[in-house]
Amino acid sequence: MSGASSDDADVHRRGLPRGLTLRALVPNAITVAALCSGLTGIRFAIVGDWEKSVLMVILAGLLDGIDGRIARLLKAQSRFGAELDSLADSLSFGMAPALILFLWSLQDLPRFGWLCALALAICCALRLARFNARIDLDHQPHKSAGFLTGVPAPVGAGLAFLPMYLWLASGWPVVREPAVVAVWVALCAFLMISNVATLSWSSLRPRRSIRLEMLAMAGLVFASLLTEPWWTLASLCAVYLLLMPLGMFSYAKVKRQRAKASSRSEPDGETGPASTPR
């Protein structure tokens, strides 16, 4: 016992760290909170509380959007945090929406409904696996140009809930038809694993001349979320879908510009690697 006490005293005198810092735990704690929120959505879906089930997944998306930024702000990035984040995303934005949509509508479509729910969960997991496999690659054309490859997992989950938004807002029975929901869920699953270039926050750069208008619009959207949340969420999904062709067009333009710059940097009459531009 005395030997152990002396060892602890030596460790204390040397000033060696004796545990994890709070700074390292905060981002991972937010990720775990997002995971718990997404899984709680399944619990509400089981008892038929559809509004709360959707809101829990949306809350998971909000938490997922800030954990990485807080980790960078606190300089607490780690490989463990990245793996935990991917696992939480797979459950919160893949499994949870799939089960919620199955319990809400797809269970009335024998066999095919469950296959569509599985497709959403599987494609979400495949997208995250692709992201992890490419995380250390230097050459990522979409990322280097400020774009994403396919629809992000949180956005894919939000898009998959579009029929539920419309049903909660209006009560239209047609948007709860299993065949309609199945086709829509399958499309969202495909968009998550597609190679389509989609817009990211870094690629959205409005002109300085309209910054006041953008702030006013952000305030109106926030107010709309408080007063008419389901119509607002449905409108945001529609805006995102309309912006997808813009993302593809913008990336194609960037790709052409890079090709021209690469061709100009090559010496005439040679087919070897391009020289470094001055």
Side-chain angles (χ1 to χ4, degrees), residues 31 33-42 44-45 49-68 85-86 88-106 116-117 119-128 131 148-170 175-176 180-194 196 198-201 203-204 218 221-222 224-226 228-247:
T31 303
L35 171 61
C36 293
S37 179
L39 295 179
T40 303
I42 301 175
F44 285 120
D49 196 339
W50 308 116
E51 291 189 8
K52 289 183 180 179
S53 65
V54 176
L55 289 175
M56 287 296 100
V57 177
I58 293 174
L59 177 60
L62 295 176
L63 294 173
D64 178 72
I66 65 174
D67 59 356
D85 184 70
S86 293
D89 288 356
S90 178
L91 295 175
S92 297
F93 309 124
M95 186 184 74
L99 290 176
I100 292 171
L101 289 166
F102 179 77
L103 294 172
W104 177 66
S105 172
L106 293 176
C116 290
L120 185 65
I122 292 171
C123 288
C124 181
L126 290 175
R127 173 184 172 78
L128 294 168
F131 175 82
L148 301 173
T149 303
V151 174
V155 177
L159 290 176
F161 281 137
L162 178 57
M164 291 192 72
Y165 302 152
L166 295 174
W167 179 76
L168 290 169
S170 64
V175 294
R176 197 176 181 179
V180 175
V181 177
V183 172
W184 178 249
V185 169
L187 176 62
C188 292
F190 169 75
L191 289 176
M192 281 197 284
I193 61 171
S194 67
V196 174
T198 55
L199 296 172
S200 66
W201 287 110
S203 62
L204 296 174
V221 170
F222 181 75
S224 299
L225 284 171
L226 297 178
E228 291 289 342
W230 307 119
W231 281 120
T232 304
L233 289 170
S235 300
L236 291 175
C237 289
V239 171
Y240 184 87
L241 292 171
L242 291 174
L243 287 176
M244 286 188 67
L246 176 62

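Note that these values count all heavy atoms, side chains included, but never hydrogens, waters or copies made by symmetry. For reference, positions follow the sequence shown, starting with 1.
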- Task: Quick one: do L39 and M95 satisfy side chain to side chain contact (heavy atoms under 4.5 Å, CB included)? Show the steps, please.
- Result: CA-CA 9 Å; L39 295 179; M95 186 184 74; 3.5 Å; yes
Would you say that [X] contacts [Y] through its side chain, given a criterion of any heavy-atom pair below 4.5 Å between the two side chains?
{"X": "W230", "Y": "S170", "result": "no"}
{"X": "F93", "Y": "L128", "result": "no"}
{"X": "L191", "Y": "V196", "result": "no"}
{"X": "W104", "Y": "L101", "result": "yes"}
{"X": "L233", "Y": "L162", "result": "no"}
{"X": "Y240", "Y": "L236", "result": "no"}
{"X": "V151", "Y": "C188", "result": "no"}
{"X": "P97", "Y": "L120", "result": "yes"}

Least distance between heavy atoms, [X] atom then [Y] atom:
{"X": "I193", "Y": "C123", "result": "CG2-O, 3.2 Å"}
{"X": "P152", "Y": "L148", "result": "CG-CD1, 3.4 Å"}
{"X": "A125", "Y": "S90", "result": "CB-OG, 3.9 Å"}
{"X": "S53", "Y": "A45", "result": "CB-N, 3.8 Å"}
{"X": "A186", "Y": "C116", "result": "CB-SG, 4.5 Å"}
{"X": "C237", "Y": "Y165", "result": "SG-CE1, 3.6 Å"}

*F44 CZ: over 12 foreign heavy atoms closer than 6.0 Å*: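 Yes, the 6.0 Å shell around CZ holds more than 12 heavy atoms from other groups.
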Heavy-atom donor-acceptor pair, [X] side chain to [Y] backbone, under 3.5 Å:
{"X": "S224", "Y": "T232", "result": "no"}
{"X": "R127", "Y": "T149", "result": "yes"}
{"X": "S105", "Y": "R176", "result": "yes"}
{"X": "T40", "Y": "C36", "result": "yes"}
{"X": "S194", "Y": "G150", "result": "no"}

Interatomic distance, [X] atom [atom1] to [Y] atom [atom2] [nearest 0.5 angstrom]:
{"X": "L91", "Y": "L35", "atom1": "CG", "atom2": "CG", "answer": "5.5 Å"}
{"X": "D64", "Y": "D89", "atom1": "CG", "atom2": "CG", "answer": "4.0 Å"}
{"X": "L168", "Y": "W231", "atom1": "CG", "atom2": "CH2", "answer": "11.0 Å"}

Taken in chain and number order and not counting sequence neighbours, the residues that satisfy ring pair (Phe, Tyr, Trp, His ring centres under 6.0 Å) with F161 are none
